[in-house]
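Down below is the structure, laid out as structure tokens.
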Amino acid sequence: MNITRNLILLSSLWCSVSALATGFEGPQSDAVSRGAYIFDIGGCASCHTNKQPLGGGVELVTPLGTFISSNISSHQQFGIGGWTNAQFIKAMREGVSPDGEHYYPAFPYTSYANMPKQDLLDLKAYLDAQEPVAEATLPHGLTFPFNQRALLGVWKLFNTGDQWISDPSQSATWNRGSYLANGPSHCTQCHTPRNFIGGLQLEKGMVGNEQWPDGEKVPPLVDANQLGFGGWSQDDIAFALEVGMTPDGDFLGGSMSHVLENTTGKMTPDDIKALSEYLYSLNNP
Ligand code: HEC
Ligand code: HEC
């Protein structure tokens, strides 16, 4: 028996052991573990986990009223367990429910619209493999006219999605970082200012947003004077995104603490590097 054959035997043994351990087999188990990482880089837990994982019920207090996130667990009645792949993709990319209703952009689908179909299918495989939560989604507490979902159709005419395109003149890591920030990890949703109807003013870049819910001020990640964030080194950025500490020794708080806990704190070193390379280059072209 040669070494290669031994290795093959060993690795197939390992695969069956790990399939037993996780309870899944073959390609399905790959999709679920890939989907778990997509779930992290998408920061879904920040908004959909309150009492129970994926059970929803997270409140987002805004000047329009209070949004309450949905149960996205695998529960057939209360969650999204009964959804087809096509229904899930339509919700994530177009912000349209299986009943044909428009979602509020408090659900950042305008960023998720940039995710490849396979990533969304893997994400769904992961969600389907989690525990169902038997808790009904509560209605939003919105004032008139914001409680009229039909108006969102008009909103969409003016805000057609935050389409991300790769830049062939930049490196693959830079493009990965740009994709994360503008796509699944939706850094733009908080760090970019909005127009009068709540659409992102992408042409302005991540210059911060003074009017974030709960009176929070989101600092700029593009800083022309390089006094604050613009003066950070690429390593400073990576450290802050992993550990949450700035070069001044402050800890990042507010809604950024959820991003650290559920998104950047769970990224692979490669993705942290990509994101920091991209953010550094915005200030040091
Ligand atoms: C910033 C908060 C936020 C984040 C992050 C977020 N969501 Fe949501 N999501 C919401 C809100 C709020 C709603 C309800 C929207 C509505 O009722 O119009 C929602 C609704 C949904 C729905 C529709 C559920 C239904 O029953 O119709 C799905 C599916 C969904 N989210 C999946 C996800 C996934 C998957 C992720 C991560 C990739 C994610 N969301 C990240 C806030 C968020
Ligand atoms: C839910 C809103 C939200 C999202 C999404 C978000 N941020 Fe933040 N971010 C904040 C807030 C609020 C602060 C200020 C935190 C503080 O002052 O303690 C902040 C601060 C920061 C800082 C520190 C800047 C400075 O000058 O001190 C960095 C770096 C940062 N964010 C990067 C990111 C990246 C990268 C992403 C995407 C992966 C992201 N943020 C997504 C809200 C957000």
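Both counts, for ligands and for their atoms, begin at 1 and track the order of listing.
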Heavy-atom protein contact below 4.0 Å for atom 9 (N) of ligand 2: yes
Can you list the atoms of ligand 1 that are under 4.0 Å from a heavy atom of Gly43? 5 (C)
Just one of Ile237, Leu279, Asn284 clears the side-chain contact (heavy atoms from CB on, under 4.5 Å) bar with Trp232, so which one? Ile237
Side chains of residues 199-213: which donor-acceptor pairs under 3.5 Å do they make with residues two or more places apart or in other chains?
| unit_1 | atom_1 | unit_2 | atom_2 | d |
| --- | --- | --- | --- | --- |
| Asn209 | OD1 | Gln211 | N | 2.9 |

How close does the nearest protein non-hydrogen atom get to [atom], and which residue and atom is it?
atom: atom 27 (O) of ligand 1; value: Tyr103 OH, 2.5 Å
atom: atom 41 (C) of ligand 1; value: Tyr112 OH, 3.2 Å
atom: atom 25 (C) of ligand 2; value: Trp232 CZ2, 3.8 Å
atom: atom 26 (O) of ligand 2; value: Phe229 CB, 3.7 Å
atom: atom 15 (C) of ligand 2; value: Gly253 O, 3.5 Å

Can a donor-acceptor pair be found between the side chains of [X] and [Y] at a distance below 3.5 Å?
X: Gln170; Y: Ser178; result: no
X: Arg194; Y: Gln189; result: yes
X: Asn262; Y: Ser46; result: yes
X: Thr268; Y: Asp270; result: no

Give the contacting part of [X] toward ligand 2: side chain, backbone, both or neither, where contact means a heavy-atom distance below 4.0 Å.
X: Gln189; answer: neither
X: Leu241; answer: side chain
X: Thr264; answer: side chain

Could you tell me whether Ile165 atom CD1 has more than 12 heavy atoms of other residues or ligands within 6.0 Å of it? no
Taking only heavy atoms of His186, which atoms of ligand 2 are found under 4.0 Å from at least one of them? 5 (C)
Element-labelled atoms of ligand 2 that are located less than 4.0 Å from some non-hydrogen atom of Glu216: 12 (C)
Within the structure, is a non-hydrogen atom of [X] found at a distance of less than 4.0 Å from ligand 1?
X: Ser46; answer: no
X: Arg149; answer: yes
X: His140; answer: yes

Given Trp83, Tyr104, Phe78, Phe67, identify the one with the heavy atom nearest to atom 29 (C) of ligand 1. Trp83
Winner among Val96, Ile80, Leu60 once heavy atoms are compared against atom 12 (C) of ligand 1: Leu60
Would you kindly confirm whether Leu123 and Leu121 end up in one hydrophobic cluster when ILVMFWY residues are joined by side chain heavy atoms under 4.5 Å apart? yes
Would you say Phe107 and Met115 are hydrophobically clustered, going by side-chain heavy atoms of ILVMFWY under 4.5 Å? yes
Among the heavy atoms of Leu279, does any lie under 4.0 Å from an atom of ligand 2? yes
May I ask you to test the Phe78-Val133 pair for a side-chain heavy-atom distance under 4.5 Å? no
Side chains of Tyr37 and Lys266, heavy atoms from C-beta outward: is any pair under 4.5 Å? no
Count of protein N, O or S atoms below 2.8 Å from atom 8 (Fe) of ligand 1 equals 1
Distance-only donor-acceptor hits, side chain of residues 244-254, under 3.5 Å, sequence neighbours excluded:
| unit_1 | atom_1 | unit_2 | atom_2 | d |
| --- | --- | --- | --- | --- |
| Thr246 | OG1 | Asp248 | N | 3.3 |
| Thr246 | OG1 | Asp250 | N | 3.2 |
| Thr246 | OG1 | Asp250 | O | 3.4 |

Any idea which part of Leu123 is under 4.0 Å from ligand 1, heavy-atom wise: side chain, backbone, both or neither? side chain
Has Ser185 got a side-chain atom pairing as donor or acceptor with Gly42's backbone, closer than 3.5 angstrom? no
Donor-acceptor check, side chain of Gln130 to backbone of Ser73, threshold 3.5 angstrom: yes or no? no
Quickly, which of Tyr112, Tyr179, Tyr109 forms a ring-ring contact (aromatic ring centres under 6.0 Å, His included) with His186? Name it, please. Tyr112
Report the protein N/O/S neighbours of atom 8 (Fe) of ligand 2 that fall below 2.8 Å; do not count waters. His191 NE2, Met256 SD
